[in-house]
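Only one structure is covered here, and it is reproduced in the block below.
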Amino acid sequence: MTWESVLSTAMVGTGRRAVPPDALAGVVDPSDVDGWDAGGGPEATVLAAAAVLGSYRRAGWVPPAWRGERVAPAADDPRPECSPAATQVLELLLDRNIRIDGGNELLARQWLAACAKADRRPPARLLATLLRLGTANPAFRDEVAAVAGPRGAWLAARNPRWAWAMPLDVGTAAEEFAITGAWTRRVALLTAVRRHDPAAGLRMVEQTWRAEPATGRATLLEALDTGLSDADEPFLESALEDRSTSVRAAAAALLDRLPSSRRAGRMATRVRALTRADGTVELPDKPDAAAKRDGVTSRREPGYGPRASWLIQVVGAAPLPAVPDLGGASPELVTGWTKAALFQRNRTWLRALAEASPTPEVLGALDPDTATGVVAGLLDVDARFAGLLAACPGPWPAGFSVLVTQLLQTASSEGVLTLAFASLAEHLDAAALPGVEDWLTRTPTDKRARRRTLRGLANALTIRQTIQQEFS
């Protein structure tokens with residue numbers, strides 16, 4: 001009531017109503033409040049009383065008793081916390097107090113991967129920031145969920161936007177999958193189940209299949225890529241009859257990865273029918289209804305006409321033969337075999353294709369050692385070299401990292417280093433840092449663009465080296 005009386009006095013004016021003399025009783029001693037004495041005037045007294053009581057109401061408010069369900073605290077996380085130095089690096093990257101050319105997110109993601117691999121955890125105070133990072137950048141979610149641990153899962157259960165970080169109960173996933181309407185959650189549930197039990201994941205899709213919209217059916221088919229095997233072939237074969245073009249295309253794309261499927265056998269029959277006695281292959285005529293059902297479309301392959309495009313599609317969906325002399329094969333066949341090797345992830349074929357004529361697609365499908373070994377054998381350090389280098393998956397071996405730093409110094413064009421920078425910053429091993437620093441030292445001061453690029457690269461490598469040291 002004292003607060004209301006002070007407000008009333010302020011509203012009607014001190015000329016009409018005086019401040020209650022006991023306004024501060026039980027709160028503070030009025031003699032300790034400037035302006036409370038008569039010398040300050042009634043206006044100062046009202047303002048002083050309002051200031052004191054307002055602060056008291058905010059700081060001294062007692063919340064009502066909680067009558068809802070008491071939430072249990074998060075489970076203990078037995079993992080040791082990362083070192084203060086590692087924490088400082090992460091905070092600098094997240095707060096952008098340091099800026100790395102090519103993006104801080106790249107190094108932050110590498111920090112998270114190193115932390116998870118070392119079985120450490122970040123400080124609890126950074127969990128909300130990391131969950132927001134994963135919400136804004138879906139590519140980070142696996143790494144964030146891995147380091148967040150039980151405390152991160154506890155937080156995620158209290159914010160719908162962070163639901164992706166909640167652990168998935170495979171035992172109840174089928175029930176939740178059938179009733180939830182959030183597609184991101186449904187895909188996450190299906191993917192998690194497929195990792196543990198592909199057959200159970202397929203049953204989840206089959207049980208709701210008829211009730212799903214066309215876009216939903218296509219999305220669920222794409223999620224079946226996790227754990228894909230010949231056991232999924234009958235269901236995918238039936239999906240080729242779906243009334244939706246997008247669903248049929250999604251089913252065909254998955255069947256491209258199964259060289260022992262019935263569809264692959266039908267494609268092999270078509271290839272044999274086009275093969276002449278001398279081993280060359282004829283271009284097919286317009287696809288019939290059966291070929292269209294198997295996914296042969298009118299889509300043109302870049303640089304090829306309609307008939308060559310149909311041949312590439314058929315060869316790309318058929319089982320791969322033994323690796324022939326690629327130099328004597330027609331371009332259509334090589335392109336079709338390349339697609340088949342990529343679809344089927346055939347390492348023998350991918351390596352043979354890379355050695356014959358490396359392309360970014362093929363190099364990107366190889367392991368780092370094989371891909372970098374191919375690039376290390378190239379003679380010309382030009383724009384093509386930079387493009388192939390960018391396609392090599394990482395992390396790159398230490399020896400190759402040192403070698404490629406030396407090779408780039410021989411490039412005749414300034415643009416080669418710029419084109420290669422993003423891949424260097426992402427994959428280069430920290431063993432190349434001394435070479436980069438030496439290159440920077442020897443670069444003339446008038447080469448400002450090159451010096452700026454090398455300085456950014458040195459900064460990225462220094463941070464990566466710190467990350468490796470702190471989690472080793």
Side-chain angles (χ1 to χ4, degrees), residues 71-100 102-170 173 176-177 180 182-196 222-223 225-227 393-395 422 425-427 460 463-464 466-472:
V71 178
D76 291 335
D77 192 337
R79 300 173 300 174
E81 186 175 298
C82 63
S83 68
T87 299
Q88 184 181 33
V89 169
L90 179 61
E91 288 181 310
L92 290 172
L93 291 171
L94 295 178
D95 297 341
R96 297 185 178 277
N97 289 326
I98 55 173
R99 290 188 177 274
I100 303 299
N104 288 30
E105 291 79 5
L106 173 65
L107 288 171
R109 189 174 184 181
Q110 292 181 346
W111 189 101
L112 294 171
C115 183
K117 185 177 180 181
D119 200 26
R120 301 286 186 90
R121 59 178 173 86
R125 69 176 186 274
L126 296 181
L127 289 178
T129 302
L130 290 174
L131 290 168
R132 287 193 290 269
L133 175 68
T135 300
N137 301 275
F140 282 59
R141 291 181 178 179
D142 287 344
E143 288 85 355
V144 171
V147 302
R151 290 172 182 162
W154 188 92
L155 287 172
R158 275 138 197 90
N159 186 338
R161 297 188 65 193
W162 298 344
W164 54 266
M166 293 172 57
L168 297 171
D169 186 347
V170 177
E176 184 181 352
F177 178 84
T180 185
W183 276 101
T184 54
R185 180 65 176 174
R186 296 189 77 199
V187 171
L189 288 166
L190 176 57
T191 302
V193 173
R194 290 281 291 183
R195 286 184 183 138
H196 291 84
E222 292 169 359
D225 182 70
T226 300
E426 181 175 4
H427 300 311
I463 294 174
R464 184 179 301 123
T466 302
I467 293 172
Q468 291 176 353
Q469 291 171 348
E470 293 302 319
F471 288 112
S472 59

Task: Residue pair L131, L155: steps toward the side-chain contact (heavy atoms from CB on, under 4.5 Å) verdict - done: CA-CA 9 Å; L131 290 168; L155 287 172; 3.9 Å; yes

Open item on the list: Run T87 and R125 through side-chain contact (heavy atoms from CB on, under 4.5 Å) and show every step you take.
Closed with: CA-CA 11 Å; T87 299; R125 69 176 186 274; 3.5 Å; yes

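- Distance CD/Q110 to NZ/K117: 12.0 Å, rounded to 0.5 Å.
- When all heavy atoms of A75 and R151 are compared, the closest pair comes out as O-CG, 4.5 Å.
- The distance from atom CZ of R194 to atom NE2 of H196, rounded to the nearest 0.5 Å, is 13.5 Å.
- Every pair passing salt bridge (charged side-chain N to carboxylate O under 4.0 Å, His left out) that includes a residue from residues 132-145 is listed here, sequence neighbours excluded: R109-E143.
- Rounded to the nearest 0.5 angstrom, F471 CZ and R120 CZ are separated by 7.0 Å.
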Tabulate below the donor-acceptor pairs under 3.5 Å that side-chain atoms of residues 182-191 make, not counting sequence neighbours, or state none.
residue	atom	partner	partner atom	Å
R185	NE	E176	OE2	2.8
R185	NH2	E176	OE2	3.4
R186	NE	F177	O	3.0
R186	NH1	E212	OE1	3.0
R186	NH1	E212	OE2	3.1
R186	NH2	F177	O	3.3
R186	NH2	E212	OE2	2.7
T191	OG1	V187	O	2.8

Open item on the list: With side-chain contact (heavy atoms from CB on, under 4.5 Å) as the criterion, how do I463 and W111 come out once you've worked through the C-alpha distance, each side chain's angles and the decisive distance to 0.1 Å?
Closed with: CA-CA 9 Å; I463 294 174; W111 189 101; over 6 Å; no

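- Atoms OG1 and CD, from T129 and E91 in turn, are 8.5 Å apart once rounded to the nearest 0.5 Å.
- In terms of the side-chain hydrogen bond (donor to acceptor under 3.5 Å, both in side chains) criterion, R158 has no residue partners (sequence neighbours excluded).
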Open item on the list: Pair L112, L130 - check side-chain contact (heavy atoms from CB on, under 4.5 Å), show working.
Closed with: CA-CA 10 Å; L112 294 171; L130 290 174; 4.0 Å; yes

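- Shown here for A165 and A156, the closest heavy-atom pair between the two residues is CB-CB, 3.8 Å.
- Listed here is the closest heavy atom pair of A74 and P150: CB-O, 4.0 Å.
- A donor-acceptor pair under 3.5 Å is formed between the side chain of W154 and the backbone N or O of A72.
- Between the R79 side chain and the R121 main chain, no donor and acceptor come within less than 3.5 Å of each other.
- For the atom pair CG (L127) and CG (D77), the distance works out to 9.0 Å, reported to the nearest 0.5 Å.
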